[in-house]
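Below: one structure, written as structure tokens.
Numbering starts at 1 and runs along the sequence shown.
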Amino acid sequence: MTPAMVGTGESDEYQKGVKHLVENGLHSIPKKYILPPSDRPGTNSEDSNVAKQNLELPIIDYSELLGPKRQQVLQSLANACEGYGFFQLINHGISDDVISSMRDVSGKFFDLPFEEREKYMTTDMSAPVRCGTSFSQTKDSVLCWRDFLKLLCHPLPDFLPHWPHSPLDFRKVVATYAEKTRHLFLMLMEAIEESLGIIEGKDNIRRELEDGSQMMVFNFYPPCPQPDLTLGMPPHSDYGFLTLLLQDQVEGLQVHFQDQWLTVQPINNAFVVNVGDHLEIYSNGKYKSVLHRVMANAEKNRTSVASLHSLPFNCTVRPSPKLIDHDNPKRYADTNFHTFLAYVTTREPKRKDFLDSRKLTSPCVEGEDKEIK
């Protein structure tokens with residue numbers, strides 16, 4: 001793949017990523033990574049919007065969804081999606097060996113020489129494989145402290161031949177993990193539909209999700225010499241229905257909860273699952289897509305792998321008809337991937353701007369889609 005990173009001089013160094021900067025020696029971060037004071041993570045004691053304690057997310061035991069406690073777990077799932085937009089999933093059935101191999105191979109990829117990673121560097125957002133840096137490196141006015149590898153994963157036979165050859169076991173390990181997380185996502189969505197009161201056979205969303213999109217995002221955050229001046233990722237919500245995030249044991253993920261930024265305590269081999277913009281639209285606003293961000297730290301590498309799931313790229317997302325009635329009018333305009341892509345390629349992404357752009361000016365019934373612009 002021919003790199004599409006264009007530029008000259010100093011900006012070229014930034015496009016090579018933060019790992020490249022760190023490997024070449026760095027005692028302070030370049031100005032390009034320094035956020036305005038109002039956007040900095042606020043680790044100092046005067047910032048009342050950053051809580052000192054960790055956030056204890058609801059814990060959902062997946063194994064109990066399969067037994068006599070299913071109704072209680074469905075209620076806990078509904079409470080988590082409505083009140084937090086996040087939960088930690090334990091006993092999910094994906095083996096420790098599969099997870100360990102995935103962590104290992106993702107670390108090995110970022111340990112490859114820059115020349116090997118550079119093969120996959122492109123600004124083409126539709127590329128099946130995309131290696132890059134920051135959040136949106138072509139739009140960010142201030143870059144963030146993160147390198148990434150993004151892979152399209154479904155249908156697997158279509159995309160697997162494009163994936164990196166190195167490390168040697170990369171394709172085998174990631175393909176196994178992709179298939180396991182995709183199955184888990186479908187099972188979770190079945191439970192989420194049930195928690196919303198949507199009965200099987202009354203809505204075709206599940207059939208569409210079975211043919212849906214899956215993107216894997218490998219994130220790498222090297223130690224940052226001045227972590228109070230930048231962020232690993234800025235505040236954002238996720239595109240799609242659900243994201244299944246595998247963290248290492250280094251803290252960094254923060255969720256915006258009750259007007260404060262709280263740190264999520266990692267649970268070994270658990271998934272942090274969060275509601276995406278599409279699920280908020282589909283649930284007609286009942287389940288919330290919540291802002292989250294990633295902190296930098298001065299001491300340790302941090303890696304994570306996010307598996308993002310949604311409908312096929314050519315499908316339209318709309319509120320479920322089963323969740324619209326006189327008391328609960330339609331709250332979101334129909335949308336599709338092309339609308340999203342057009343939006344994010346024309347402006348710097350901020351917070352939940354895209355989702356907000358799909359909200360109707362006032363709740364309305366079908367056929368009265370008057371959008372905020």
### Task
For the pair Gln247 and Phe271, evaluate side-chain contact (heavy atoms from CB on, under 4.5 Å) and give the outcome as yes or no after the intermediate values.
CA-CA 8 Å; Gln247 300 191 87; Phe271 287 105; over 6 Å; no
Please examine the side chains of [Y] and [X], heavy atoms only from C-beta on, and report whether any two atoms are closer than 4.5 Å.
{"X": "Arg70", "Y": "Glu64", "result": "no"}
{"X": "Leu311", "Y": "Ile205", "result": "yes"}
{"X": "Pro223", "Y": "Glu299", "result": "no"}
{"X": "Val272", "Y": "Leu57", "result": "yes"}

Can the ring centroids of [X] and [Y] be said to lie less than 6.0 angstrom from one another?
{"X": "Trp145", "Y": "Tyr33", "result": "yes"}
{"X": "His165", "Y": "Phe170", "result": "no"}
{"X": "His256", "Y": "His292", "result": "no"}
{"X": "His309", "Y": "Phe241", "result": "no"}

### Task
Apply side-chain contact (heavy atoms from CB on, under 4.5 Å) to Asn274 and Phe87, showing your working.
CA-CA 7 Å; Asn274 64 281; Phe87 56 89; over 6 Å; no
### Query
Is the backbone of His20 close enough, under 3.5 Å, to the side chain of Asn24 for a donor and an acceptor to pair up by distance?
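Yes, the answer is positive, given that a donor and an acceptor are paired below the 3.5 Å cut-off.
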### Query
Is the backbone of Gly83 close enough, under 3.5 Å, to the side chain of Lys288 for a donor and an acceptor to pair up by distance?
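Between the backbone of Gly83 and the side chain of Lys288 there is no qualifying donor-acceptor contact (under 3.5 Å).
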### Query
Which residues satisfy the salt bridge (charged side-chain N to carboxylate O under 4.0 Å, His left out) test with Lys180, sequence neighbours excluded?
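With sequence neighbours excluded, Lys180 shows a salt bridge (charged side-chain N to carboxylate O under 4.0 Å, His left out) to no residue whatsoever.
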### Task
State whether a side-chain donor-acceptor pair under 3.5 Å links Asn269 with Arg103.
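Side chains of Asn269 and Arg103: pair found under 3.5 Å.
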### Task
Run the numbers on Leu89 and Leu184 for side-chain contact (heavy atoms from CB on, under 4.5 Å), then give the verdict.
CA-CA 11 Å; Leu89 189 71; Leu184 181 58; 3.9 Å; yes
Which pair of heavy atoms, one from [X] and one from [Y], lies closest together, and at what distance?
{"X": "Leu229", "Y": "Ile29", "result": "CB-CD1, 3.9 Å"}
{"X": "Phe220", "Y": "Lys19", "result": "CE2-CD, 3.6 Å"}
{"X": "Ala306", "Y": "Leu245", "result": "CB-CD1, 3.9 Å"}

Under 3.5 Å, sequence neighbours excluded: what are the donor-acceptor pairs made by side chains of residues 148-159?
unit_1: His154; atom_1: ND1; unit_2: Arg182; atom_2: NE; d: 3.4
unit_1: His154; atom_1: NE2; unit_2: Arg182; atom_2: NH2; d: 3.2

### Candidates Gln265, Met233, Arg302 - the one meeting side chain to side chain contact (heavy atoms under 4.5 Å, CB included) with Leu253
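Result for side chain to side chain contact (heavy atoms under 4.5 Å, CB included) with Leu253: Arg302.
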### Task
Please assess Phe218 against Phe109 for the test ring pair (Phe, Tyr, Trp, His ring centres under 6.0 Å), listing each intermediate value before the final yes or no.
CA-CA 9 Å; Phe218 300 74; Phe109 176 82; 7.1 Å; no
